[in-house]
Student: 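One structure, as structure tokens, below. Some questions next.
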Amino acid sequence: MKISFVVCHLGAYALAIDKLENLFEKFMEGSPVFLSREILRHDFIPDELPHREAEIIRFGAVLAPSLKGTRCSNLFIYGKSGTGKTAVAKYVLDRIARKGRTTSKKVRVCYVNCRKAGTEYRTLSSMCSAVGVKVPFTGLATAEVLSRFKRGLENTGSTFIAALDEIDALVRGYGDGIMYKLTRINEELRSSRLTIMGISNDLYFKDLLGARVRSSLSEEEMVFKPYTAEQIRDILSQRVQLAFRCGSLPEPSLNLVAALAAAEHGDARRALDLLRVSGEIAERGNASVVYEEHIREAQRKIEHDRVVEVLDTLPLHSKILLCALYVREGESKRGITTGDLYETYHGCCGKLGVDALTQRRVSGLLSELDMLGVANAKIANLGRYGRTKRIQVTAPRQTLSKIFAEDPRLTELAASPSVRD
DNA sequence: CGTCCACAGGAATGACGGGCGG
DNA sequence: CCGCCCGTCATTCCTGTGGACG
């Protein structure tokens, strides 16, 4: 009995392993489309960054004094997303840190994405870990973390360059308090130096800063312009040569990707994503060449995945709100108003047996959805009939209905055509 | 031309869970 | 273990506002 049981199981395993074996074999043979997928990831930094040579040189010139142990100017970089700010910053930081290792003057660098870090506290704590100071992930006063950072930095005795990416997100939420403290930190350091490199997507970010912070933070300034379709094409073609098999991405397909990306404000990151996903879709369809249909399909998939990812992390009430919006949307071409939406949302909460949040809070959640690009809310003045927002869904309806269908709590709500009052 | 709608969105405040130093 | 401080989420109260209506 026992033996046959085992044999039987082994048989099942053997089968599974065979299938896996096939999969691995296929994988080892290599993809019919890609040479290396890694190269298309947007966090991959190539040896050359086309159309950013001038910026790299300028960057280097500003930061070079750090190699001699002198403080260099703080640096500020603006530019929309996908204009190569992050890539250039990381590239130069990496190069300067490597150069620093060959000299007596150590240069330490650190890169923090403030939006991902989320709070002042976590931003500072990643700066701490870059100077070898461990801090608990919560519990301390922010000022305490700052002073530990200061102490840690002083102990290293080196020049420190901190790149704070998406710094606008931080200042918007917490004010320029720590920025002020960070810019003043050099006055208290004896053996070390701190240089701050701020990176922002928002061109009007400076307005958020107080005058003192503004002037010391942007001793040097740089603006990254969006890439043109031509430039995106160059960037893509450089990566295509490294990442794709010869001939698997023909000229017209490359041009289409570049054109689609250029239409999206010259965002190179999106272009690379599109390229990679197109290749994957072609590959899955057992094609060895990427054609237009694959690219169009990829565009849909990217949008779908983005929405799924965003919604996944959303709290329950945001989902209910979106669900309510989904149900009511289309009633009027120009979108429904806040009051109507709240009413529906309230009804939905009732059906679910959940306490509804206040209108104020819902308004906040709505702006969140707007910022995430799932919904769109525009202020509309109806004169006599008050001031409100016109709200529409921007995510593909198909994607939303699929997501709602997966969540048992929301299925019923989304299915019923009218959930008024 | 002033009113007044129906909200927007800022500020203050509180409840809660979690880590710290003592 | 306690008191303290933190970040997060939510509520309450509030002031601000563009323009159709009377």
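Order of the sequence lines sets the chain letters (A, B, ...), proteins ahead of strands, with each chain counted from 1.
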Student: Which parts of residues 358-366 of chain A get close to DNA chain C, meaning a heavy atom less than 4.0 angstrom away?
Tutor: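 Close to the strand are A:Thr358, A:Arg360, A:Arg361.
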Student: Is there a donor in the side chain of A:His294 and an acceptor in the side chain of A:Ser278, or the other way round, less than 3.5 Å apart?
Tutor: no
Student: Nearest whole angstrom, please: distance from the C1' of B:dA6 to the CD of A:Glu343.
Tutor: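 It works out to 13 Å between those atoms.
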Student: Under 3.5 Å, is there a donor-acceptor pair between the A:Gln392 and A:Asn376 side chains?
Tutor: no
Student: With salt bridge (Lys or Arg N to Asp or Glu O under 4.0 Å) as the rule and sequence neighbours excluded, what pairs involving residues 52-70 of chain A come up?
Tutor: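 Non-adjacent pairs meeting salt bridge (Lys or Arg N to Asp or Glu O under 4.0 Å): A:Arg52-A:Glu55, A:Arg58-A:Glu220.
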Student: Using atom CG of A:Leu124 as one end and atom P of C:dG7 as the other, report the distance to the nearest whole Å.
Tutor: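 Those two atoms, CG and P, are 10 Å apart.
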Student: Which residues, if any, of residues 378-393 of chain A bring a heavy atom under 4.0 Å of DNA chain B?
Tutor: A:Ile379, A:Gly383, A:Arg384, A:Tyr385, A:Gly386, A:Arg387, A:Thr388, A:Lys389
Student: Please list all pairs passing the salt bridge (Lys or Arg N to Asp or Glu O under 4.0 Å) test where one or both residues lie in residues 314-324 of chain A, with sequence neighbours left out.
Tutor: none
Student: Rounding to a whole Å, what distance do you find between A:Leu357:CG and B:dG9:P?
Tutor: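 Whole-Å distance recorded here is 18 Å.
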Student: By ring pair (Phe, Tyr, Trp, His ring centres under 6.0 Å), which residues pair with A:Tyr111, not counting sequence neighbours?
Tutor: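 Ring pair (Phe, Tyr, Trp, His ring centres under 6.0 Å) check on A:Tyr111 returns nothing, list empty.
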Student: Does the distance from a Lys or Arg side-chain N to an Asp or Glu carboxylate O, for A:Glu280 and A:Arg276, drop under 4.0 Å?
Tutor: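 Salt bridge between A:Glu280 and A:Arg276, a charged N being under 4.0 Å from a carboxylate O: yes.
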Student: Between B:dG9 atom P and A:Met371 atom CE, what is the distance in whole Å?
Tutor: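 Roughly 11 Å, once rounded to whole Å.
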Student: Considering non-hydrogen atoms only, spot the tightest contact between A:Phe76 and A:Ser200 and give its length.
Tutor: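 Looking at all heavy atoms of both residues, the closest pair is CE2-CB, 4.0 Å.
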Student: OP1 or OP2 of B:dA8 sitting under 4.0 Å from any side-chain N/O of A:Ser367?
Tutor: no
Student: Would you mind writing out the side-chain donor-acceptor pairs for residues 307-315 of chain A within the sub-3.5 Å range, not counting sequence neighbours?
Tutor:
| from | atom 1 | to | atom 2 | distance (Å) |
| --- | --- | --- | --- | --- |
| A:Thr313 | OG1 | A:Val310 | O | 3.1 |

